[in-house]
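So you know, we letter chains A, B, ... as the sequences are listed, proteins then strands, and number each from 1.
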Number of protein chains: 2
Amino acid sequence: MSYTKTEENYLKAIYGLESKFGKEVSTNELANKLKTKASSVTDMVKKLAKKELITYEKYKGVSLSKKGKNIAISIIRNHRIWEVFLVEKLHYKWDEVHEIAEQLEHIKSDELVDRLDDFLEHPSFDPHGDPIPDREGNIPVRKQAVLLSELAKGESGILVGVKNTHNEFLQFLEEMNLTLGKKIEVEKVFDFDKSKVIKTSKQTVTISKEVSSFLIIEKINS
Amino acid sequence: MSYTKTEENYLKAIYGLESKFGKEVSTNELANKLKTKASSVTDMVKKLAKKELITYEKYKGVSLSKKGKNIAISIIRNHRIWEVFLVEKLHYKWDEVHEIAEQLEHIKSDELVDRLDDFLEHPSFDPHGDPIPDREGNIPVRKQAVLLSELAKGESGILVGVKNTHNEFLQFLEEMNLTLGKKIEVEKVFDFDKSKVIKTSKQTVTISKEVSSFLIIEKINS
DNA sequence: CAATATTTTTAGACAAGTCTAAAAATATTT
DNA sequence: AAATATTTTTAGACTTGTCTAAAAATATTG
Ligand SMILES: [Mn+2]
Ligand SMILES: [Mn+2]
Ligand SMILES: [Mn+2]
Ligand SMILES: [Mn+2]
């Protein structure tokens, strides 16, 4: 069985919202995420339910079936592997790859992404630090990963991922020289707004609480 | 302006038939090539004409406009560059790449294929020996290219392309060890059916007139 | 050149995915 | 618990690309 691009995008969106909120996904949430209308979502959701990719109860939202979840994860795998390719091999910047990967993730082929994965030597994380599921759907986890917003004065770690992948945010980080792999040390935390002064090898900058809550850090136990 | 996958496939098909027969492309030819029905073609052809991608006169067939031709060529460029990638980098065999390239050729991005072209170091020909148009639409030509069916006893050359890219034919060549780059010498031509005995570095085989008419050879002037 | 065969176009229908507007169900407020 | 607000579903319509069946145009043949 093969699914349409639209069906795949719905499954991926449901997967994302389900993991984020840990409960059934509502029609409006889905409409919002997919930039479509609630009535369109209701229609589509009925189709997906009939195909047993999700369970749907009127007025109660949807959740993925085993089968639906597998498909969603495989699309995410495709997306992230393509992103690695675009950055590592074609030298795109990390804020330029998402739209193209949105298209490439839907290419139908049994082995294309597996071959690409071999070619890229089995990356575990994509250019934004997001984990890449393996062929069986297992998702790598980082132990010791915390948000920069949780670090106290004096603590330090490596920037390994971002929780916000909007282009503007990524470009902002770029300008601040905060790229993946950078070592970051907390020099000071302002009590009144929880903004932080942080130090990298090259510079010292001040970032807001909001920005710090988007940055995933692997702590250095020193 | 951006076009749908279907529109792009129609333009590509028209381009192919136009270059092959050198005259307006008929509704039936197009329907046949695209594995669709004549009535569908008539509908689509009207839409393309309204968009000024082709000129269409009822009952007289279609031909590409300048604009339509540019689009067709750019899709062909995409297709062939992706095929090179699949063979060179992902180690697909030459008979396995066409279907996937059919999908990849439609990925919308201003620079994706140009970056891929850089990455592949600007190949001029694809894995089947077909020329790859450059960004401006110029198509490389091979001087001295002839069909193996035109070579006489004693003449020799390099196999540089195939005129038939059906999987079965490509696999046949593979088994015969007739791959691109191979040197081929005509040992004998049978008068009664124009079949030939040909010699490569490794072996001597007999091939039919039909097969020989699908093989593009660059003559060696010795 | 008239009859016949073939090709092409038209007419009407369908599936996928979307939309607006209205109705129905659920949630929140008083 | 009733009134009101919000969310969700339904009804009907539209677009893209396709199809079948029938009509119209063109091509071939005797
Ligand atoms: Mn997508
Ligand atoms: Mn990513
Ligand atoms: Mn195509
Ligand atoms: Mn090719």
Side-chain angles (χ1 to χ4, degrees), chain A residues 1-14 17-18 20-21 23-64 68 71-72 75 102-103 105-108, chain B residues 1-14 17-18 20-21 23-64 68 71-72 75 102-103 105-108:
Chain A
M1 257 294 160
S2 185
Y3 302 92
T4 67
K5 188 184 287 196
T6 307
E7 288 171 332
E8 290 180 348
N9 280 335
Y10 268 81
L11 294 175
K12 193 168 66 132
I14 294 168
L17 294 169
E18 200 170 49
K20 186 168 172 187
F21 297 116
K23 60 166 203 278
E24 302 74 50
V25 177
S26 78
T27 301
N28 261 1
E29 278 167 357
L30 216 36
N32 187 50
K33 177 111 175 189
L34 291 165
K35 290 175 205 291
T36 182
K37 294 296 147 80
S39 55
S40 307
V41 171
T42 301
D43 285 349
M44 190 44 144
V45 132
K46 284 178 186 169
K47 269 209 322 222
L48 295 175
K50 188 143 69 182
K51 294 189 182 184
E52 301 193 298
L53 298 168
I54 62 176
T55 59
Y56 164 58
E57 224 187 317
K58 261 192 188 177
Y59 298 102
K60 298 250 168 101
V62 302
S63 61
L64 291 175
I71 295 165
I75 302 299
E102 280 295 317
Q103 300 179 62
E105 71 187 9
H106 302 291
I107 300 291
K108 261 83 193 164
Chain B
M1 257 294 161
S2 184
Y3 302 91
T4 67
K5 187 184 286 196
T6 308
E7 288 171 334
E8 290 180 348
N9 281 336
Y10 268 83
L11 294 175
K12 194 168 64 132
I14 295 167
L17 293 168
E18 201 170 48
K20 186 168 173 187
F21 298 116
K23 59 163 202 278
E24 303 75 49
V25 178
S26 78
T27 301
N28 261 3
E29 277 166 358
L30 215 36
N32 187 50
K33 176 112 175 188
L34 291 166
K35 291 176 204 292
T36 183
K37 295 295 148 82
S39 56
S40 307
V41 170
T42 302
D43 285 350
M44 189 47 147
V45 132
K46 285 179 185 169
K47 269 209 322 223
L48 295 175
K50 189 144 64 180
K51 295 189 183 187
E52 302 194 295
L53 298 168
I54 63 176
T55 58
Y56 164 58
E57 225 187 317
K58 263 191 187 180
Y59 298 103
K60 298 252 169 98
V62 301
S63 61
L64 291 175
I71 296 166
I75 301 299
E102 281 294 318
Q103 300 179 62
E105 72 189 7
H106 302 290
I107 300 291
K108 260 84 193 161

Separation of [N] [atom2] from [X] [atom1] (nearest whole Å):
X     : N      : atom1 : atom2 : result
A:E7  : C:dA15 : CD    : C1'   : 12 Å
B:L11 : D:dG17 : CG    : P     : 11 Å
A:L30 : C:dT18 : CG    : P     : 11 Å
A:N9  : C:dA16 : CG    : P     : 17 Å
A:M44 : D:dT10 : CE    : P     : 17 Å
A:E8  : C:dA16 : CD    : P     : 16 Å
A:E57 : C:dA25 : CD    : C1'   : 14 Å
B:K46 : D:dT15 : NZ    : C1'   : 16 Å

Check your understanding: Backbone N or O of A:L64 within a donor-acceptor pair of the A:E18 side chain at under 3.5 Å?
Key ->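 Pair found, side chain donor or acceptor close to backbone of A:L64.
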Exercise for review: Determine yes or no for a side-chain-to-main-chain donor-acceptor pair under 3.5 angstrom, with B:K33 supplying the side chain and B:A31 the backbone.
Suggested key: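 Answer holds: no.
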Practice item. For side chain to side chain contact (heavy atoms under 4.5 Å, CB included), just list the numbers for A:Y10 and A:I54, CA-CA rounded to whole Å, side-chain angles, deciding distance to a tenth of an Å, and then say yes or no. Key: CA-CA 10 Å; A:Y10 268 81; A:I54 62 176; over 6 Å; no
Practice item. Decide side chain to side chain contact (heavy atoms under 4.5 Å, CB included) for B:Y56 and B:K58; before the verdict, give the C-alpha distance in whole Å, the side-chain angles of both, and the deciding distance to 0.1 Å. Key: CA-CA 6 Å; B:Y56 164 58; B:K58 263 191 187 180; 3.9 Å; yes
Review point. B:S40 side chain N/O closer than 4.0 Å to the phosphate oxygens (OP1, OP2) of D:dC19?
Key: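 Yes, within the criterion.
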Review point. Looking at B:T36, does any N or O in its side chain come under 4.0 Å of the phosphate oxygens OP1/OP2 on D:dC19?
Key: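 The answer is yes; a side-chain N or O of B:T36 sits under 4.0 Å from OP1 or OP2.
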Practice item. Return yes if the base of D:dT16 and the side-chain atoms of B:T4 contain a donor-acceptor N/O pair under 3.5 Å, otherwise no. Key: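 Answer is no: no donor-acceptor pair is held.
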**Study point:** Least distance between heavy atoms, A:L30 atom then A:A13 atom
**Key:**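 Heavy atoms only, the tightest pair is CD1-CB, 3.8 Å.
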Using the side-chain heavy atoms of [X], tell me which of these nucleotides is nearest: [options].
X     : options                : value
B:K37 : C:dT18, D:dC19, D:dG17 : D:dC19
A:D43 : D:dT9, D:dT16, C:dT18  : C:dT18
A:Y10 : C:dT18, C:dA11, C:dC19 : C:dT18

Identify all pairs in which a protein N or O lies below 3.5 Å from an N or O of nucleotides 6-8 of chain D, and state each distance.
{"residue": "D:dT8", "atom": "OP2", "partner": "A:N28", "partner atom": "N", "Å": "2.8"}
{"residue": "D:dT8", "atom": "OP2", "partner": "A:N28", "partner atom": "ND2", "Å": "3.4"}

Review point. Near A:K108 NZ, under 6.0 Å, is it more than 12 heavy atoms from other residues, nucleotides or ligands?
Key: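 Result for NZ/A:K108: enclosed.
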Check your understanding: What do you reckon, is CD of B:E52 surrounded by more than 12 foreign heavy atoms closer than 6.0 Å?
Key ->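 No, not enclosed.
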Check your understanding: C:dC19 pairs with which nucleotide, Watson-Crick or G-U wobble, both distances below 3.5 Å?
Key ->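 C:dC19 is paired with D:dG12.
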